[in-house]
Amino acid sequence: MGIFKAMPATSRLQWGLWCLLMLLLFFTLLPEDGFWQSGAYALTNTAFYALVVYGNISFLYPRLFLKNRKVLYFIAVVAGLLLASLLRSYGMVWIYNTFFNEKPDPAPMTTMIFVRNVSGLLTIFLLSFILRIFIAYFVLKRKTEEMQQQHAQTELELLKSQVQPHFLFNTLNNIYYEAFREAPHTAQLIEKLSDIMRYFVDESPKDKVNLSTEINFIENYIALEKIRIRHEIGLTFTRNIDNDYRIPPMLLMTFVENIFKHGIDKSSTQNQIAITLLCRDNHLIFNTRNELPRHPVVSGQRGSGIDNLRKRLVLLYGDKFELKTERSDNHFNASLTVPL
């Protein structure tokens, strides 16, 4: 029983149908043939029926008919039915003569018996298509139920994930008000961190965000990055754009992040960064320029930010974008142009 319960619902259903068919055959034959003979005939017939059904729906149909090899499928079906009918006819005669006939007849098989077996198996063959549709329906129904369960689970996980960020936002707000009385500058940084986290939770899952939202995110990021730098940096952020434009989130962030990862010399007082964002001919143009540090940051592995950005741009814009990076002796320049 444990093995039966462990089976998928469609498998249990099929086993149930075959057992029901065998019982019907058994009780139909029982009044005339007796218990053991009826059982042997019912089991043998059920086995041949299953051979025809699964030989068609699991082997011939998917490998020949669905691959547009219909003539070969027809030939294989005819040959298979004739062979199965022949085996069934001789098999039933052999069972009868071996176990139940006191005076075995060496040649009781007739053309009529063979034709009757062919017609019976042909009927089962046609019914196999109904069984195939039946199985496909239950498989589809099971997959639909699984998808609904996954969707419900995803929604539940999403609700759980939203509890923690909102708790954190509320806590940060409380810390902000406490810090504002003692250290207003620190409070402003806490507010920027809260805005960044809210961007990740609320905006980054969207397909597109307002350009003003993206710019605000970049400015908050820059403000927090400046905390880690000992000396003041010279940074200009020039903008000539319409804030109502919408772009995919995090599209401009890679250039800015790379500047603070690889383009800042923390021991220098001469760090200069220029960022330009403008709209021209219905295109958004984003440029960054930073001095190369005298002592480059050594990382364990090659950065993949630009490569990942390029892959994402291909998915978003196909070949309708332009991404350039250029390294000179003293500066690193990056440029991105995308349609609006």
Side-chain angles (χ1 to χ4, degrees), residues 154-155 158-159 161-177 179-180 184-229 233 235-261 263 273-290 305-306 308-318 320-323 334-340:
T154 301
E155 288 184 341
L158 180 61
L159 290 174
S161 69
Q162 288 177 341
V163 171
Q164 296 177 357
H166 286 104
F167 167 78
L168 192 54
F169 293 147
N170 293 333
T171 304
L172 284 174
N173 286 336
N174 294 333
I175 296 174
Y176 165 80
Y177 288 117
F180 187 77
H185 179 67
T186 302
Q188 291 177 3
L189 295 176
I190 294 173
E191 184 179 21
K192 293 182 184 299
L193 176 60
S194 178
D195 289 343
I196 286 178
M197 294 177 61
R198 197 176 298 278
Y199 175 92
F200 281 123
V201 173
D202 296 335
E203 302 297 333
S204 62
K206 298 179 180 178
D207 293 332
K208 288 190 176 183
V209 297
N210 287 336
L211 195 51
S212 59
T213 303
E214 190 74 8
I215 292 172
N216 185 62
F217 170 69
I218 292 174
E219 290 177 335
N220 288 334
Y221 176 81
I222 291 173
L224 293 179
E225 281 288 353
K226 283 183 176 180
I227 302 174
R228 304 191 302 111
I229 301 171
I233 62 173
L235 187 147
T236 59
F237 192 171
T238 305
R239 299 183 292 277
N240 183 13
I241 48 95
D242 184 345
N243 289 335
D244 291 333
Y245 282 123
R246 294 175 64 81
I247 63 171
M250 302 291 292
L251 194 66
L252 311 177
M253 190 59 196
T254 301
F255 287 172
V256 180
E257 188 178 14
N258 278 349
I259 290 174
F260 287 95
K261 275 188 175 181
I273 300 170
I275 302 175
T276 305
L277 183 62
L278 57 93
C279 296
R280 181 184 300 162
D281 298 329
N282 207 31
H283 282 74
L284 182 70
I285 303 173
F286 187 58
N287 295 305
T288 63
R289 177 181 174 87
N290 62 274
I306 297 295
N308 290 337
L309 175 61
R310 189 181 300 277
K311 293 176 183 177
R312 187 182 177 208
L313 289 167
V314 169
L315 293 175
L316 290 170
Y317 300 105
K320 298 178 182 179
F321 73 92
E322 186 177 36
L323 175 62
S335 174
L336 173 64
T337 303
V338 296
L340 289 169

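Residue numbers run from 1 in the order of the sequence given.
Distance CD1/I285 to CG/L277: 9.5 Å, rounded to 0.5 Å. Within the model, atoms OG1 of T337 and CG of L313 stand 10.5 Å from one another, a figure rounded to the nearest 0.5 Å. With rounding to the nearest 0.5 Å, the separation of CZ in F237 from CD1 in I222 is 6.0 Å. Annotation: the span from Y245 atom OH to L340 atom CG amounts to 5.5 Å, rounded to 0.5 Å. The distance from atom CG of L211 to atom CD1 of I247, rounded to the nearest 0.5 Å, is 5.0 Å. Between the CE atom in M250 and the CG atom in L309 there is a gap of 10.5 Å [rounded to 0.5 Å].
Ring-plane geometry between F217 and Y199 is classed as parallel, the angle between the planes falling under 30 degrees on a 0 to 90 degree scale with a further cut at 60.
Residues F255 and N290 are not in side-chain contact: their nearest non-hydrogen atoms beyond the backbone lie 4.5 Å or more apart. Side-chain contact between T238 and I275 is absent, with no heavy atoms from C-beta onward closer than 4.5 Å.
Counting heavy-atom neighbours within 6.0 Å of K311 NZ, excluding the residue itself, gives a total of 12 or less.
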Notebook entry, point to check: Given the rule in the side-chain contact (heavy atoms from CB on, under 4.5 Å) test, do I306 and L323 qualify, once you have shown the distances and angles that lead to the verdict?
Noted result: CA-CA 9 Å; I306 297 295; L323 175 62; 4.2 Å; yes
Next item on the list: Quick one: do V314 and F321 satisfy side-chain contact (heavy atoms from CB on, under 4.5 Å)? Show the steps, please.
Entry: CA-CA 8 Å; V314 169; F321 73 92; 3.9 Å; yes
Next item on the list: Assess whether side-chain contact (heavy atoms from CB on, under 4.5 Å) is satisfied between I241 and I215, documenting all intermediate values.
Entry: CA-CA 11 Å; I241 48 95; I215 292 172; 3.6 Å; yes
Next item on the list: Output, in order, the C-alpha distance, side-chain angles, deciding distance and verdict of side-chain contact (heavy atoms from CB on, under 4.5 Å) for L284 and L336.
Entry: CA-CA 8 Å; L284 182 70; L336 173 64; over 6 Å; no
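Residue pairs meeting the salt bridge (charged side-chain N to carboxylate O under 4.0 Å, His left out) criterion with at least one member in residues 210-220, sequence neighbours excluded, are E219-R239.
For K206, the salt bridge (charged side-chain N to carboxylate O under 4.0 Å, His left out) test picks out E203, with sequence neighbours left out. Not counting sequence neighbours, the partners of A274 by the side-chain contact (heavy atoms from CB on, under 4.5 Å) test are T236, R289. With sequence neighbours excluded, no residue satisfies side-chain hydrogen bond (donor to acceptor under 3.5 Å, both in side chains) with R280. Scored by the side-chain contact (heavy atoms from CB on, under 4.5 Å) test, D195 finds E191, N220 as partners (sequence neighbours excluded). Looking at residues two or more places apart in sequence or on another chain, you find no side-chain contact (heavy atoms from CB on, under 4.5 Å) involving D281. Under the rule for a side-chain hydrogen bond (donor to acceptor under 3.5 Å, both in side chains), R312 has no partner lying at least two apart in sequence or in another chain. For S335, the side-chain hydrogen bond (donor to acceptor under 3.5 Å, both in side chains) criterion is met by N287, not counting sequence neighbours. Here R246 pairs with nothing under the salt bridge (charged side-chain N to carboxylate O under 4.0 Å, His left out) rule; sequence neighbours left out.
Residues K320 and P339 come closest through the heavy atom pair O-CD, 2.9 Å.
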